[in-house]
Undergrad: 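Before I ask anything, let me first share the structure, which is written out below as structure tokens.
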Amino acid sequence: SHQHKSSTNDNEEAEFSVDYAFMTREGSVEMNRDIKEVDRIGATPILVGCDHRSKAVWAMATNTKGPTESAVKWLTRKIDEAGCRGVKVVLKSDQEESIIALKKAVAIMRQAPTVNIESLVRDSQANGNAERAVRTWAAQFRTMRPHLEFRMQNTIPIHCPLMTWLVSWAAEVICRYRVQANGRTSYENVTG
């Protein structure tokens, strides 16, 4: 396949990757589910994104996959918060129809050059940043949820508003507190 080199060029284009994870009724997090299977088992889609430059990870619980108004606004806001308002960006994902539609809606809402790139079929490494972001977020979420339930002395149902907050907060904890190789957090990399 092609080489994967890390870049230290600060002037490179802003790249973001997005993918879906799914939280089952039992609360486990899984990847790569078919939309029909998601509906059948009642899983909650989680939209996960990452910024290639700052290594920031974002997550949002959604009611359905695709270009919902809340998902489009959320992803557009996250790109703007990464310092890319009005700047050309690249949005990467797999070839899932719902995520392609979401990226197109974000490109329209941004009103700035937005290049949408989809990985090749059966080339999981091409969307590796998004899959790594999902795994990183899922690990943090699996750590935080049992701790919160233990402190509350109660289980949290997956459709509870507190669970929606916890999905986003797990990603925020990664951004604000996990120190990167350069000695700074993702939040510090974005905000200076």
Side-chain angles (χ1 to χ4, degrees), residues 4 6-22 31-32 35 38 44-121 123-138 164-165 167-176 178 180 182 184-192:
H4 298 279
S6 61
S7 173
T8 58
N9 182 3
D10 290 336
N11 296 325
E12 67 184 83
E13 287 181 338
E15 289 186 12
F16 302 90
S17 293
V18 289
D19 202 0
Y20 282 107
F22 301 95
M31 293 173 50
N32 303 326
I35 189 70
V38 168
T44 301
I46 309 294
L47 179 61
V48 179
C50 67
D51 178 354
H52 293 215
R53 290 188 294 184
S54 69
K55 307 293 187 245
V57 175
W58 317 308
M60 173 191 173
T62 63
N63 293 330
T64 183
K65 293 168 71 172
T68 62
E69 183 180 353
S70 60
V72 172
K73 285 181 180 178
W74 176 82
L75 188 52
T76 303
R77 189 178 75 246
K78 289 299 184 179
I79 292 170
D80 290 348
E81 288 173 1
C84 296
R85 175 173 281 149
V87 176
K88 179 181 179 183
V89 299
V90 175
L91 279 176
K92 294 184 172 183
S93 71
D94 55 20
Q95 292 189 0
E96 185 177 354
E97 290 179 27
S98 59
I99 208 153
I100 291 172
L102 173 65
K103 292 189 318 179
K104 286 178 182 176
V106 168
I108 292 167
M109 182 174 234
R110 286 195 69 239
Q111 298 178 347
T114 306
V115 179
N116 292 331
I117 296 177
E118 289 80 36
S119 61
L120 299 173
V121 177
D123 186 8
S124 62
Q125 291 181 351
N127 200 27
N129 283 329
E131 292 190 12
R132 254 189 314 281
V134 169
R135 282 194 306 269
T136 301
W137 167 81
T164 303
W165 167 81
V167 164
S168 296
W169 182 242
E172 195 68 27
V173 166
I174 294 167
C175 291
R176 290 186 181 260
R178 190 176 84 189
Q180 305 290 328
N182 64 3
R184 302 175 84 185
T185 65
S186 298
Y187 181 78
E188 290 172 325
N189 287 335
V190 169
T191 62

Undergrad: As an exercise, state the distance from CD of Glu188 to CG of Asn182, rounded to the nearest 0.5 Å.
TA: 8.5 Å
Undergrad: Taking atom CD of Gln95 and atom CD1 of Ile100, what is their separation to the nearest 0.5 Å?
TA: 6.0 Å
Undergrad: Write out all pairs satisfying salt bridge (Lys or Arg N to Asp or Glu O under 4.0 Å) with one or both partners inside residues 105-117, taking only residues at least two apart or from two chains.
TA: none
Undergrad: Considering residues, nucleotides and ligands other than Asn63, do more than 12 of their heavy atoms fall under 6.0 Å from its CG?
TA: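 It does not: Asn63 CG has 12 such atoms or fewer within range.
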Undergrad: Distance from Leu75 atom CG to Leu91 atom CG, nearest 0.5 Å?
TA: 6.0 Å
Undergrad: Is any side-chain heavy atom of Leu47 closer than 4.5 Å to one of Tyr20?
TA: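 A side-chain contact exists here, since the closest heavy-atom pair is under 4.5 Å.
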Undergrad: For a 4.5 angstrom cut-off between non-hydrogen side-chain atoms, does His52 reach Ser17?
TA: yes
Undergrad: Can you find a heavy atom in the side chain of Arg53 that is under 4.5 Å from one in the side chain of Asn189?
TA: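 No, every pair of side-chain atoms sits at 4.5 Å or beyond.
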Undergrad: Donor-acceptor check, side chain of Ser186 to backbone of Lys55, threshold 3.5 angstrom: yes or no?
TA: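 Present.
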Undergrad: Indicate yes or no for a side-chain donor-acceptor contact from Thr114 to the backbone of Ala112 under 3.5 Å, with no hydrogens or angles considered.
TA: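 At least one qualifying donor-acceptor pair exists.
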Undergrad: Can you measure from CD (Glu81) to OH (Tyr187) and round to the nearest 0.5 angstrom?
TA: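 One finds 9.5 Å between CD of Glu81 and OH of Tyr187.
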Undergrad: Would you give the length of the straight line joining atom CE of Met60 to atom CZ of Arg77, rounded to the nearest 0.5 angstrom?
TA: 8.0 Å
Undergrad: Please name all residues satisfying side chain to side chain donor-acceptor pair (under 3.5 Å) with Arg176, sequence neighbours left out, ordered by chain then number.
TA: Glu172
Undergrad: For Ala59, does its backbone N or O pair with a side-chain atom of Ser168 as donor and acceptor, under 3.5 Å?
TA: yes
Undergrad: Under the side chain to side chain donor-acceptor pair (under 3.5 Å) rule, collect the residues that match up with Arg85, sequence neighbours excluded.
TA: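 Here the qualifying residues are Asp80.
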Undergrad: Is there a side-chain contact between Val115 and Lys88 (heavy atoms, below 4.5 Å)?
TA: yes
Undergrad: Would you check if Thr136 and Val48 make a side-chain contact, meaning some heavy-atom pair closer than 4.5 Å?
TA: no
Undergrad: Which distance, rounded to the nearest 0.5 Å, do you find between the OG1 of Thr68 and the CH2 of Trp74?
TA: 10.5 Å
Undergrad: Does the pair Asn116 and Lys104 meet the rule for a side-chain contact (heavy atoms from CB on, under 4.5 Å), with working shown?
TA: CA-CA 8 Å; Asn116 292 331; Lys104 286 178 182 176; 4.1 Å; yes
Undergrad: Side chains of Val134 and Val57: closer than 4.5 Å at any heavy-atom pair?
TA: no
Undergrad: Within the structure provided, determine whether Val90 and Lys92 are in side-chain contact (heavy-atom separation under 4.5 Å).
TA: yes
Undergrad: Within a strict 4.5 Å, meaning less than it, do heavy atoms of the Glu118 and Lys103 side chains meet?
TA: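 Side-chain contact under 4.5 Å: yes.
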Undergrad: With a 3.5 Å distance limit and no angle check, can you tell me whether Trp137 reaches the backbone of Val167 through a side-chain donor-acceptor pair?
TA: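 A pair under 3.5 Å: yes.
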